[in-house]
Protein chains: 2
Amino acid sequence: MCTTEEKIINASIVLFSQKGYTAVTTKEIAKEAGVSQMTLFRHFESKHNLFERSLDKFVFSPQFKALFESLEWDLERDLNKICSSYQDVLYKNRKIILMHLKNEELNPHFEAVLYKFPNEFKKLLNRYFEEMRNRGAIIENPETLAVNFLTTSFGLFFTSLVMNKLTFDTDIQTCISNYIKIFTKGISLL
Amino acid sequence: MCTTEEKIINASIVLFSQKGYTAVTTKEIAKEAGVSQMTLFRHFESKHNLFERSLDKFVFSPQFKALFESLEWDLERDLNKICSSYQDVLYKNRKIILMHLKNEELNPHFEAVLYKFPNEFKKLLNRYFEEMRNRGAIIENPETLAVNFLTTSFGLFFTSLVMNKLTFDTDIQTCISNYIKIFTKGISLL
DNA sequence: TCATCATGTTAGTTCTTACTAACATCATCT
DNA sequence: AGATGATGTTAGTAAGAACTAACATGATGA
């Protein structure tokens, strides 16, 4: 956090993701950013422009190469890594994701960016499961497994994100490794 | 759909769940409901009151008795039923759920109502897995399994709800039964 | 036929908010 | 020291939205 613009963008992301575009005022954003409302308009012209520039700025992409190279072709370990990476990307982008969910109608074009993560992970998973099938570790259809893994992983993420008050005693990390254990066993041969 | 109040409540739920509380105007709701704005205020006094009455009205509860009595103590079949029921409840309440997600700050008390479903299902699942463990079908901790099943099921639901444009070729029904298959195998003995 | 009741219409009030203009301040650089 | 540029302040405009009051209309039921 350094320049004025960054401060404003950060503040806007926090607030937009919490309350949604319309419910947040530029005054509020300025206050949260610690600048005057005038400064906000000088830098971004309009509220909507600020919204769009915020979306553009904060998309953290996963590092696929590093991930793919670290795989060991051991189902449980690999899936653990992949799931953790996915959770990590989702978590880093959580505010943007919430911002998108709360303001879908405002940024249809942005959907494409958001869906990039699941899609890229799906491709990665597809390749992985295909290879594992070739190696004789599993028999299921890779596509099916990939979709399954993605959607259920997303459930873990989202539950822990928005329903954290839900009195599930188990913490998220344990939850993930349990999930991977079950999933691995569920798709393994024998 | 019949009385004027119902028409207005229906319209408000549609719009609130699509755009969020603040972004929707009473004029818009009145138009969507096919009544005049004045009629809206005559019936509901204020926008916020309408919002709360909408929340109160549209909560579809699951029928636990029927569900519990139809269980056959066959893991895959039972989990299929339970998951379907859960998906059904979530789907019937999808607009309310979205409405809640988009307006969290407006209705903190309503969270309790929303979390009722997962919590009730969790209890049901707990009892079920405990019984199955007693019968020697599984060994895992029932609580762990329940949490896992719930969160991942929610992922299926939510993905199909808000990310339907995601180009997952598999349809939701197939997706569910694949998921149950994997999960069942993952938690079964041997 | 006449009273009642729900609804529509129109005009208006008040408040909030996005956004602007003009001027003040203050640090930095030459 | 003086110019520049970024920021703050204050006052204000214009538009929109929640909400009200008063009156009109039209169906129902005694």
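Order of the sequence lines fixes the chain letters, A, B, ..., with proteins taken first and strands second; residue numbering starts at 1 for each chain. Nothing here was measured: the structure is a model prediction, and the numbers come from that model.
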- DNA chain C: A:His48 or B:Val35, which has the more 5' nearest nucleotide? B:Val35
- Item | Touch class at under 4.0 angstrom, heavy-atom based, for B:His43 against every strand present | sugar-phosphate
- Task: Could you check which of C:dC19, D:dA18, D:dG8 has an atom nearest any side-chain atom of A:Phe41?
- Result: C:dC19
- Message: What is the distance, to the nearest angstrom, from the CG atom on A:Leu40 to the P atom on D:dA6?
- Response: 16 Å
- For atom CZ of A:Phe41, is the number of surrounding heavy atoms from other residues, nucleotides or ligands below 6.0 Å larger than 12? yes
- Message: Between A:Glu140 and B:Lys181 (salt bridge meaning N to carboxylate O under 4.0 Å), is one present in this structure?
- Response: no
- For A:Lys31 and D:dT7, give me the distance from atom NZ to atom P, rounded to whole Å. 20 Å
- Message: Whole angstroms only, please: what is the CD1-P distance between A:Ile29 and C:dC19?
- Response: 10 Å
- Message: I want to confirm an ordering. Mapping A:Glu45 and B:Ser36 to their closest nucleotides on DNA chain C, which one lands closer to the 5' end?
- Response: B:Ser36
- D:dC19 P sits how many Å from B:Lys47 NZ, rounded? 8 Å
- Between NZ of B:Lys27 and P of C:dG8 the distance, given in whole Å, is 15 Å
Validation: residues 52-69 of chain B side-chain donor-acceptor distances under 3.5 Å, sequence neighbours left out:
unit_1	atom_1	unit_2	atom_2	d
B:Arg53	NH2	B:Glu5	OE1	2.7
B:Ser54	OG	B:Ser12	OG	2.8
B:Ser54	OG	B:Leu50	O	2.8

- Query: Could A:Lys7 and A:Glu32 be called an ion pair, given the rule that one side-chain N must be under 4.0 Å from one carboxylate O?
  - Reply: no
- Can you check the A:Met38 CE to C:dT20 C1' distance for me, whole Å? 6 Å
- Message: So, does A:Thr39 get its side chain near the phosphate of D:dG8, meaning an N or O under 4.0 Å from OP1 or OP2?
- Response: yes
- Using a cut-off of strictly less than 4.0 Å, decide whether B:Thr26 has a side-chain nitrogen or oxygen near OP1 or OP2 of D:dC19. no
- Message: With a 3.5 Å cut-off and heavy atoms only, can you find an N or O donor on one side and an acceptor on the other between the side chain of B:Arg42 and the base of C:dG8?
- Response: yes
- May I have the distance from B:Gln37 (atom CD) to D:dA18 (atom P), rounded to whole angstrom? 7 Å
- In whole angstroms, the gap separating P of C:dA18 from CG of A:Asn49 amounts to 14 Å
- Message: Among B:Arg135, B:Arg127, B:Arg133, which residue satisfies the salt bridge (charged side-chain N to carboxylate O under 4.0 Å, His left out) criterion with B:Glu131?
- Response: B:Arg135
